[in-house]
Amino acid sequence: MSGYDESDAFEAAIPLSQRAMSARPAPYLDDLNPAQRAAVLATDGPVLMLAGAGTGKTKALTSRIVHLLMTGKARPNEILAVTFTNKAAREMKERVGRMLGAAVEGMPWMGTFHSISVRILRRHAELVGLKSNFTILDTDDQLRLLKQLIVAANMDEKRWPARQLAGLIDHWKNRAWTPAKVPSSEAAGFNNRGTELYDRYQERLRSLNACDFGDLLLHCVTIFQTYPDILEQYQRWLRYIMVDEYQDTNVAQYLWLRLLAQGHRNICCVGDDDQSIYGWRGAEVGNILRFEKDFPGAEVIRLEQNYRSTEHILAAASGVIEANSGRLGKTLWTEARGGEKVRLIGHWDGEEEARWIGDEIEALQRGTRQLAPVSLNDQAILVRASHQMRAFEDRFLTIGLPYRVIGGPRFYERLEIRDAMAYFRLAVSPDDDLAFERVVNTPKRGLGDKAQQEIQRMARSSGVSLLEGARELLAKGGIGGKGAGQLRAFVEGIDRWHAAVLNTRPELADAVIEPMLPDTAPNRDHSHVRLAETILEESGYTSMWQNDKTPEAPGRLENLKELVKALEQFDGLQGFLEHVSLIMDNDSQDATEKVSIMTLHAAKGLEFPVVFLPGWEDGLFPSQRSMDESGLKGLEEERRLAYVGITRAETLCTISFAANRRVYGQWQSQLPSRFIDELPDRHVDVLTPPGLYGGGYGAAGMGAGFGGGSRIEERATRADVYNSPGWKRLQDRSTTRPIAQPRESRSSVIDLNAVARFTEGDRVFHQKFGYGTVAGIEGDKLDVDFEKAGVKKVVAGFVTPATEAGDVPF
DNA sequence: AGTGTGATGGTTTTT
DNA sequence: CCATCACACT
C-alpha cells in the first residue's frame, strides 16, 4: 500500500513566485544578530539551535524558513516544521506569511507532531489495522473504554482506576512501546496486568477504528520502521526539517524525527534545555543533551542575546538556573541597562499575599509611581499549581479587579461541546459506538443502564455497531414500552442526519476521506451549519439546556452557539470534526483589559512587562511531590520552572512567599523556597511592607523586614532595605500610599534578623500557632515546640520572643 | 431514573 | 478543606 500519489497534497502547494525571490537580496537577514543569522544560514546538515528565553528564537526559525524558500533551496511543501501546540504552529505560519508578504498557502508540513502524524496516518492507516477515516479519541472516551476493560478483566475499578491505567499506557506510548515492546521490568504495574490490558485496549481501538493521541505518533513510527519504502518517500520529500521546543520531545517524537531526518539530514532542532519542564509527561531532556551524538557533525548555535528582560531579571534567572547540573550551558545577556531589580517580599499568609498583589496591580495600573501606567493586560500572575489561583480569584472578585485564567478547561473539553460533537460524529459515522454511548441518553430518553446493556448485548452478539444493535432490538421488540419510542426516534434521527450529511457531502459515501488541507475553501452555502443546528434541535439537546435552570445553562447554550458559528469556517461536518481539537482555541479575546492568572507551565513562551511569582515556598515550589517522586531530577525541573517564570518578565518581576498557608484545610507553616536563596543578592530588592511600626521594630521583634533564605537575611538588614535605591524610589513615588497598605497590619510585617535573637529554650509566640519553645535552630529556621500545634519548623522572622508576662507584643 | 451521602484524595497538561 | 465520584436510597 505504498500508493501515495506524490501529486496531491504536494501539488496543492503553491510555489513561490520567482518575482518574490529576486526582489531584494535578503531583507530578512538585515535585522538578525550574528547568532541568529548563523542559524538561518546554516541550512544544510544537522543544527542545534540553543535558544535561551527571549532571544528571538521564533524570529530565527521563521527567517530560516523564509530563507529556504527565497533561495529556492526548498519548496514550501518540502519543509517539515514541527511544533507542539497549534498555537505555536499558527504563529509560525502567520509570521512566515507576513515575512513573505503573501499567504503561505502551501506549507502542508507545518504543524504539530500530532496534526502532521494524522495526515500521514490517514494515508497509511490500513498498515496498522485502521481505516483512513479513523476517529481520534479524546481523554473521556479513552477513560470510558479503559474502564470497561478493567471491569471486563474482573478487576476492582476502585483499586485500579482507569486514570492510572491511562497514565501508564500513555507513558508507554510516549516511549514508543507497543504492547509487545513493553519491557518486562515495567510490566509489573497495574496489578501485573498492565501490558495485558494495554494489548486489549489496542485491540479494542482497532475494532472501533479509533486512535488515541499517543497512537498518532506511535503508529507513524511503526509504519516508518516496518515499511522502509514509505519512510523513504517521506525522507525524500521532506528536505528540510525544523523542530521547535526540542527539549520537550519524548522518545516517540524523537524516533519519529530521527527516522524522517535520516534522509537529507537537514534537521534543525531549536530548544532550550533550561526550559524543559515537561519531563513528567514523557519529555526527555536527554534528547536535546545528546543531539550532537545523534547527529555527528552537528553545528551548535547559541542564541544568548536577550531582547526581553532587564539585566536584573536576567541575572536573577541565571543565578537560579546555574544551580542545575548537566546543562548545555548558555548565558543570557542584554544590552539593556538599568531597570528595577527583582523584587522579593514575604507575607503572613496566602490571603495577605493575594491582597498585596491585588493592590500592587492596581497601583501599577494607575501608574501612581513614576512608572507609566501598566495595562492589566500586561500583568500576569504565574503560579506553580492551579489551586493557588483561587486565593487570587477570590481577592480579585471582591475588589472587582478583572482577571482571566489561562489554561482552564478547553473549549472542546466542555461537556456540552463534547456532547454536541458526539451527535455530529454520529451523523458523520453512525457506527461510532463511543459517540452513541455518550449521547444515547443525553438528553434523558429513559434509556438507563438496563436498556443500554440490552443494546450492548444485542450489538455484540450480532457483531454490529450499537446503532445497528439498537435497530435490531427494536425490530425484535426486545425493549420496553416507554424507552422503545424514544430509542426509535433516536435511531431514526441518526439515519436522517447521516443521510443529510451524505447529501451535503456526497464524496463522504466513499470509505476513504481525503485528508483536508488546512485552508480548504469554506463551504459557501453553509448547509452543514444548518444541519448542525437541526441535529441539536431535533435531538432535543438544545432544549435540554434551555429547560435547565442551573446557573451554567445559559453559558452552555452560548458555547453551543459558538460551536455552530465555528462550523462556518469549515467545509463540512467531518472536516470540522477532524480539526476541531486542533483549532478550537478558547482565546475569546475580550475587549476589557484583564490580569492574567496562569500556571508556570502555561506561561512558557509568553511574556509580560509585569510578572508576579507568588508561592515560592518549599513544598509548594519546588513541589514536594516532584521532589519525592523524581528526586534531584525533579528538583532540577522545578528549578527550570523557576527560570521560566522569571524570564517571562520584561521589566518588573516580583517574587513572593507566605509564612503560612492553608493546605488541605490545615494551616501550615511554610519555609521560603530554596530557590529564593539562589537569587543573586545584587539583583534583588527586598521589599518590606512599610509597616506601622518602623520604629518599634527591634522591640516588638516584628518590624520591617521579613524572613527569607539565610543569604537574604544576611544582607537585608533594615538599614539595607531602607537605604536601597529601590526602596527609596518607591517611597519617593508613593504619592498616594506606600507600597503596601497593610490592612491586617501587624501580621503582615515579618522580621528578617530575628534568628540571631533566639536560642534554644526561648519562649516564643507565633501568630497562628500560639506559644511555644525553641527546640532547635537551623540557619534562619527554628524548630519550635508549640503548646497547641506541636513541633513546627518556622522562619525566625515569623515568631516573636514571648515576654515574661506572656503578652502579645502589640 | 434521578437525587443524596460518605469516602477519598488532592501538581504541572498538549494533542 | 473541598471537589469528585461511586454507590445507595427513594
Side-chain angles (χ1 to χ4, degrees), chain A residues 82-89 111-118 121 136-139 142-143 147 151 156-159 161-164 166-167 170 173-174 211-218 244-245 248-250 252-253 276-283 350 382-391 406-410 412-413 441-452 480 482-483 486 578-585 598-605 615 619-630 634 637-638 640-642 644-645 661-668:
Chain A
V82 207
T83 62
F84 274 85
T85 64
N86 294 300
K87 195 171 156 219
T112 62
F113 276 102
H114 295 268
S115 66
I116 293 170
S117 294
V118 171
L121 201 51
I136 302 167
L137 257 55
D138 54 39
T139 325
Q142 199 186 348
L143 286 175
K147 205 168 128 185
V151 173
D156 180 6
E157 47 163 333
K158 259 195 128 159
R159 262 191 67 195
R163 287 207 138 280
Q164 195 190 322
D170 193 51
K173 286 186 176 176
N174 285 340
C211 242
D212 65 18
F213 285 119
D215 283 338
L216 298 177
L217 274 294
L218 190 48
D244 197 12
E245 308 283 15
D248 289 339
T249 49
N250 60 35
Q253 287 155 342
S276 162
I277 55 175
Y278 285 108
W280 52 273
R281 71 176 195 211
L382 313 183
V383 297
R384 170 69 246 262
S386 48
H387 62 77
Q388 288 173 261
M389 295 179 180
R390 203 185 170 136
I406 312 258
R410 312 224 158 291
Y412 57 84
E413 279 170 4
N441 200 29
T442 312
K444 301 277 179 263
R445 294 193 176 88
L447 300 165
D449 282 351
K450 203 174 139 269
Q452 289 187 43
K482 37 196 182 295
Q486 296 256 48
E578 168 69 21
H579 284 272
V580 70
S581 54
L582 309 177
I583 335 189
M584 282 301 243
D585 270 310
M598 68 191 92
T599 62
L600 287 162
H601 284 92
K604 192 167 79 144
L620 181 58
F621 188 42
S623 137
Q624 192 58 51
R625 196 155 159 182
S626 271
M627 296 189 292
D628 290 348
E629 281 174 10
S630 317
E637 183 153 312
E638 295 286 306
R640 291 193 289 268
L641 215 36
V644 167
R661 203 172 281 275
R662 209 168 17 191
V663 182
Y664 304 141
Q666 291 257 284
W667 278 103
Q668 274 203 327

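Everything numeric here is computed off the predicted structure, so don't read it as measured data. Proteins get letters first, then strands, A, B, ... in listed order; numbering begins at 1 in each.
Across the P atoms, B:dT12 and C:dA3 are found 15 Å apart, a figure rounded to whole Å.
For the pair A:D248 CG and B:dT15 P, the interatomic distance rounds to 12 Å; values are reported in whole Å. One interatomic measurement links the two molecules: CZ of A:R163 to P of B:dT13, which rounds to 13 Å at whole-angstrom precision. Computed from coordinates, the A:Q253 CD to B:dT15 P distance equals 12 Å when rounded to whole Å. Atom CG of A:D244 is separated from atom C1' of B:dT15 by 16 Å (rounded to the nearest Å). Straight-line distance from the CD atom of A:Q164 to the C1' atom of B:dG9: 13 Å, rounded to whole Å. Look at CZ on A:R384: it is 8 Å from P on B:dT13, rounded to the nearest Å. Summarising the geometry, the separation between CE on A:M627 and P on B:dT12 is reported as 16 Å, rounded to the nearest angstrom. One interatomic measurement links the two molecules: CG of A:L641 to C1' of B:dT12, which rounds to 7 Å at whole-angstrom precision.
Residues A:K604 and A:Y278 have side chains in contact (heavy-atom distance under 4.5 Å, counting atoms from C-beta outward). A heavy-atom distance below 4.5 Å is not found between the side chains of A:I277 and A:L600.
The nucleotide whose nearest atom lies closest to any side-chain atom of A:N86 is, among B:dT12, B:dT13, B:dT15, B:dT15. With B:dT13, B:dT14, B:dG10 as the choices, the nucleotide that has an atom nearest any side-chain atom of A:T85 turns out to be B:dT14. In this structure, the nucleotide among B:dT15, B:dG2, C:dC1 sitting nearest to the side chain of A:Y664 is C:dC1. In this structure, of B:dG2, B:dT13, B:dT15, it is B:dG2 that holds the atom nearest to the side chain of A:K444.
A perpendicular orientation is assigned to the rings of A:W280 and A:H601, their planes being inclined by more than 60° (bins at 30° and 60°).
Side-chain atoms of A:Q253 never come within 3.5 Å of backbone atoms of A:F113 as a donor-acceptor pair (strictly under, hydrogens ignored). In terms of modelled atom types and a separation under 3.5 Å, the side chain of A:R384 and the main chain of A:L620 share no donor-acceptor contact. The backbone N or O of A:V663 sits nowhere less than 3.5 Å from a side-chain atom of A:Q666 that would complete a donor-acceptor pair. Listed for the A:N174 side chain is a donor-acceptor partner under 3.5 Å among the backbone atoms of A:R281. Between the side chain of A:N441 and the backbone N or O of A:L447, at least one donor-acceptor pair lies under 3.5 Å.
Using a 4.0 Å heavy-atom criterion, one finds that A:E629 contacts the bases of the nucleic acid, with or without backbone contacts as well. Within 4.0 Å (heavy atoms only), A:E638 reaches at least one base atom of the nucleic acid. Contacts of A:G214 with the nucleic acid, taken as non-hydrogen atoms under 4.0 Å apart, are absent. A:S117 comes within contact range of no nucleotide atom at all, as no heavy-atom separation falls under 4.0 Å. Here A:S623 lies in heavy-atom contact (under 4.0 Å) with a base.
Along DNA chain B, the nucleotide nearest to A:L447 and the one nearest to A:T139 differ in position, and the one closer to the 5' end is contacted by A:L447. Comparing A:R281 and A:G665 against DNA chain B, the residue whose closest nucleotide sits nearer the 5' end is A:G665.
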Once each nucleotide of nucleotides 2-10 of chain C is scored for protein heavy atoms under 4.0 Å, what B/S/- sequence comes out, 5' to 3'?
-S--S----
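The aromatic ring of A:W280 stacks onto the base of B:dT12, its centre lying under 5.5 Å from the centre of the six-membered base ring with the two planes under 30° apart.
Taking 4.0 angstrom as the limit, A:S115 places none of its side-chain polar atoms (N or O) nearer than this to OP1 or OP2 of B:dT15.
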